[in-house]
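A short write-up of the structure that comes next.
Naming: A, B, ... by sequence-line order, numbering from 1 per chain.
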2 protein chains.
Amino acid sequence: MSSMAAMPNTHQQPPDADLSTVWLRAFLEVSRYGSFTVAARALGWTQSAVSRQISSLEAELGGAPLFDRLPRGVRLTEAGRVLVPYAESVVEALRGAGRELAALREGTGGRLRFGAFATADAALVPHALAAFHARSPGVRVTREEGFTPALLERLTAGHLDLAVVSTTGHAPLEAYTLHHLLDESLYVAVPAAHPLAGHPGPVRLGRLADAEWISGGTRPEGTLLDAALRAGFRPRVAHVVGEWTAKQGYVAAGLGVALVPALAATAVRPDVALLPVLDDGAPARAVYAATVRGRALTRAEEGFVAALREAASAVPRPMA
Amino acid sequence: MSSMAAMPNTHQQPPDADLSTVWLRAFLEVSRYGSFTVAARALGWTQSAVSRQISSLEAELGGAPLFDRLPRGVRLTEAGRVLVPYAESVVEALRGAGRELAALREGTGGRLRFGAFATADAALVPHALAAFHARSPGVRVTREEGFTPALLERLTAGHLDLAVVSTTGHAPLEAYTLHHLLDESLYVAVPAAHPLAGHPGPVRLGRLADAEWISGGTRPEGTLLDAALRAGFRPRVAHVVGEWTAKQGYVAAGLGVALVPALAATAVRPDVALLPVLDDGAPARAVYAATVRGRALTRAEEGFVAALREAASAVPRPMA
DNA sequence: GCTAGACATTCGCTTGTCGCATCCCTGCGG
DNA sequence: CCGCAGGGATGCGACAAGCGAATGTCTAGC
């Protein structure tokens, strides 16, 4: 008694429901078959439904008939002939929209604009990008580089869909959804001959309070050396060097020590030792993938976050 | 009490009703204004209507939201951004269809394919065409030439919209709507020196039973000389000449006499006399504008038939 | 003249959609 | 700190659009 074949007088829901503007399908099918009855069968409707659809369409179009009613079937009038290409272009557009939206929904299409801070580009982002692109080749990914506050602003303004940020910048993060990627431990780079080089386990930053520092900026606030302030001393910056490779050179030459975020610490020259820093206060700075709050993530965004997470756990740590 | 400003709780009918796919207009207005409420005001709807339109549209599209709901208004999601150009192209197509159909409806656009038999092209059709083109310059008119039976066949097959035909061909005319243009009287062309040249009033065809005839074909059946058969004699065809100008030369040279349909008798050389033929049987052959039966005439067709009628009454008759 | 095919129309009935009122959430200002 | 205002979501009652089924009407063909 359940699955009878007839199922009369019930609305069968549209199986594809591709924005189906009913009259459009009716019109095109009728124009294809030259018959209301045949078109109705093809559409799974009744003949009366088709008749009324066409009828009301004609009425809406100013009363001009679209079909000549012949004894056997119908034939397009001039007005109908005019309408056909437009109807087809509408169907084309709707079908195209459906296709692209489906691709977007399944993460196999669309656009993904993301930004990342510079050190994330050392290993995390390239790995994630490679994995994501291999999995979702149809997504057009664009990348921007910038500091966390700037990235967050562009996120809010709608110029970015996702940003890889860190908590360094003291920026207010309440307006964003944060997808935790990793807790980035800090390392201090010292010359291989440094007394602490052989030290087992993490070192307390306070033990380097008297050292000369190589840093990206003169003032520690807002940079990595912020951690030194938290450790209770104001570091003396001996040299301002931005690039990590260059920093290594300064450190190796014994001109000072430098703080290195874990993400940048992939390759170290043998005459430099990396010591994990014991951060007893707040945990080491965290790295997040941020999206604007309240927005649902697209499949592409989800996939990219997943790729970032995988990359985060696969990024080699200098000292296990 | 009549024209209150509010008019609440009543369906206001769409003023343009341009195939309005409701969700489309809602979506585009919302995407333009970034607000359901403002879009609703612009559309003359309530906010709840817009909200539900967008909501069901999103549901139909697989559940992907098209807008991010922000505390103040909304903003397009990636999915919405993808949909916009498609929606615009659909609106474009619908608007274009509306424009072209309106032009068609008012006779200022569209296509008109007609055919006419050769002698109608002497004066009737050119006059009508000129008048019609002056009145409806937007209509693309194409012309074919052919004999009545062939024209009617092409009409039935849908290759022509209208045909200027005559009753000569004994073709079955029941399948067509005939718009009477004129009753074409016959003339007989004789040399100016012919004994009948000065005859007052119409002549009976039988008086030329012994004459030599100039005709378009050897056998009278199906041609103008059919009239001779109806008059009770079989004309002797002395020369076969198709073109009216050439016929005139043969007649002027005294090589015979020729039948001339009124439509072809616009210009006669002075050494040829045209005598109206008294046709006592069926009235002289009629000329019609034929359309397929059951089809409603477009405005352009109506206009063209009117132009043909005017031309028919304006065509100069050799002898009033 | 009768039959078959095809579109139009009528009749209940379901269902979608609207307006209205209200609720909920967020951000702002006193 | 709390109320207020702006803006979207939702429940409710009602109306109209649209459907299926059955019937009417017209034409062609035998």
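- Counting non-hydrogen atoms under 4.0 angstrom, B:S55 reaches nothing in the nucleic acid.
- B:V50 comes within contact range of no nucleotide atom at all, as no heavy-atom separation falls under 4.0 Å.
- Side-chain to base pairing of B:R52 with C:dG16: no donor and acceptor N or O lie closer than 3.5 Å to each other.
- Under 4.0 angstrom from either OP1 or OP2 of C:dA8 there lies at least one side-chain N or O belonging to A:S51.
- OP1 or OP2 of D:dC19 has at least one side-chain nitrogen or oxygen of A:Q53 nearer than 4.0 Å.
- Distance from the side chain of B:V22 is smallest for C:dC18 among the nucleotides C:dT26, D:dA21, C:dC18.
- Residue A:E144 places its CD atom among more than 12 non-hydrogen atoms of other residues, nucleotides or ligands, all under 6.0 Å distant.
- Base engagement by B:S48 is indicated by at least one non-hydrogen atom pair under 4.0 Å involving a base atom.
- A:R113 and A:D161 are joined by a salt bridge, as a carboxylate oxygen and a charged side-chain nitrogen come within less than 4.0 angstrom of each other.
- Between the side chain of B:Q47 and the base of D:dA9, a donor-acceptor pair under 3.5 Å is found.
- Nearer the 5' end of DNA chain C, as judged by each residue's closest nucleotide, is the contact made by A:V74, out of A:V74 and B:S56.
- A:R299 has no carboxylate O lying under 4.0 Å from a charged side-chain N of A:E301, or vice versa, which leaves the two without a salt bridge.
- The 5' end of DNA chain D is approached more closely, in terms of each residue's nearest nucleotide, by B:E58 than by the other of B:E58 and A:T46.
- Under 4.0 angstrom from either OP1 or OP2 of D:dA9 there lies at least one side-chain N or O belonging to B:R69.
- How far CZ of B:F67 is from CG of B:L57: 8.5 Å, rounded to the nearest 0.5 Å.
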